[in-house]
Novice: 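Here you go, one structure.
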2 protein chains.
Amino acid sequence: MGAAGAGSTDWQERLRARGYRATPQRELVLAAVQRLRHATPDDVLSEVRRTSASLNLSTVYRTLEVLEEVGLIRHAHLSDRAPTYHAMGEDEHFHLVCRSCGAVLSVGSAEGSAFVDALRAKHGFAADLGHLTVFGTCADC
Amino acid sequence: MGAAGAGSTDWQERLRARGYRATPQRELVLAAVQRLRHATPDDVLSEVRRTSASLNLSTVYRTLEVLEEVGLIRHAHLSDRAPTYHAMGEDEHFHLVCRSCGAVLSVGSAEGSAFVDALRAKHGFAADLGHLTVFGTCADC
DNA sequence: CTACGTGCAAAAGCTTTGCATGCGT
DNA sequence: ACGCATGCAAAGCTTTTGCACGTAG
């Protein structure tokens, strides 16, 4: 996994650079988000607890917030009610969610760049493509 | 308002056609959504109560659901936490939301059609543009 | 007249917060 | 040693649900 550069202790640097501390919980939460590619706070808790380690849900919420602030993870809203987090470093992408079967399709930013450019040109609006979720119906449905 | 055809008693037809009853509460909620152009369930309750009429929040939720099912209104997620409803019949549009100032910009579907077409062509995905919300930063921020 | 819709109140999620203890720096 | 981070438990919100009564069709 060369692309991300998030291999070893990059997460520690990131946190400390912003005045945060590098704690085991933060490492565990980050690792869980990287493993599960789209995870809700609750998913993260379950995943971490799978490999033992007692971790509190409050801490998950606070940690996800911090990790997002320092740019290690991002969130999007894949269902009408539930934020899902994913690690950054992978190619930036946005999501297509099928309302019929629930399938989630990740699409590279490139395919949205024309759209983003159009919005910037017409409205001076800088769209945050990485947070975008498009609902609709997939090919199979 | 020729386009919408939602002028007079169309709402009654719509409801009855799907086996629902036309009630005063449903009329009040629909009217409130049309007046406030982007309303949360709570906004709707407040607006209706302004012109007296006791109406329960539970009823608002149930009514919004029904009105959306019969195609009289739609919802989108303009903030990370709160669905906002708007009447259909107006030109279909999607939303740009500025994270800095909170401004909400409505954009005609036309400006998103190229994007929708691209998604259909590449992924066979039929995007629901009317539900789309794009977060980012507006020209003033 | 039949049964769908409403109001009320309680329950169910999900997320946040206060405080004392523990740990990173 | 200092003070941020965590765990625990309780509070806060938004949304949902059960029931008895009212009312549209």
Novice: Kindly check if the number of other-residue, nucleotide or ligand heavy atoms within 6.0 Å of CZ (A/Arg35) is above 12?
Specialist: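 Correct, the count exceeds 12.
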Novice: Just by distance, no angles: are the side chains of B/Asn56 and B/Ser58 close enough, under 3.5 Å, to form a donor-acceptor pair?
Specialist: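 Yes, because at least one side-chain N or O of B/Asn56 sits under 3.5 Å from a partner of the opposite role on B/Ser58.
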Novice: Could you state the CG-P distance from B/Leu28 to D/dA24, rounded to the nearest angstrom?
Specialist: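 Going from B/Leu28 (CG) to D/dA24 (P), I get 13 Å.
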Novice: Return the nearest nucleotide to the side chain of B/Arg21; candidates are C/dA9, D/dT15, C/dG5.
Specialist: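 Nearest to the side-chain atoms of B/Arg21, counting from C-beta on, is C/dG5.
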Novice: If you assign each of A/Leu55 and B/Leu57 to its closest nucleotide in DNA chain D, which residue comes earlier from the 5' end?
Specialist: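 The 5'-side residue here is A/Leu55.
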Novice: How about CD on B/Glu92, more than 12 heavy atoms from neighbouring residues, nucleotides or ligands closer than 6.0 Å, or not?
Specialist: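 Yes, CD of B/Glu92 has more than 12 neighbouring heavy atoms, counting only those of other groups under 6.0 Å.
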Novice: With a 3.5 Å cut-off and just heavy-atom distances, do the side chain of B/Ser58 and the base of C/dA9 make a donor-acceptor pair?
Specialist: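 Flag set: donor-acceptor pair detected.
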Novice: Considering just the side-chain nitrogens and oxygens of B/Arg62, establish if one lies under 4.0 Å of OP1 or OP2 belonging to C/dT6.
Specialist: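 Result: no.
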Novice: How bent is the helix from C/dC1-D/dG25 to C/dT25-D/dA1, measuring the angle between the end axes built from five pairs each, rounded to 10°?
Specialist: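 For the helix from C/dC1-D/dG25 to C/dT25-D/dA1, the axes at opposite ends meet at about 40°.
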Novice: Of the listed nucleotides (C/dG7, D/dT15, D/dG7), which one gets closest to any side-chain atom of A/Asn56?
Specialist: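 Ranking C/dG7, D/dT15, D/dG7 by closest atom to the A/Asn56 side chain puts D/dG7 first.
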Novice: How do B/Tyr61 and B/Arg16 order along DNA chain D: which one's closest nucleotide is nearer the 5' end?
Specialist: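 Looking at DNA chain D, the more 5' nearest nucleotide goes with B/Tyr61.
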Novice: Would the number of heavy atoms belonging to other residues, nucleotides or ligands and lying under 6.0 Å from CZ of B/Arg49 be above 12?
Specialist: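 Correct, the count exceeds 12.
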Novice: Report yes if a side-chain nitrogen or oxygen of B/Gln25 is closer than 4.0 Å to either non-bridging phosphate oxygen (OP1 or OP2) of C/dG7; otherwise report no.
Specialist: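 Answer is yes, contact under 4.0 Å.
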Novice: Nearest to the side chain of B/Pro83 - D/dT6, D/dT15, C/dT6?
Specialist: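 Nearest to the side chain of B/Pro83 among the choices is D/dT15.
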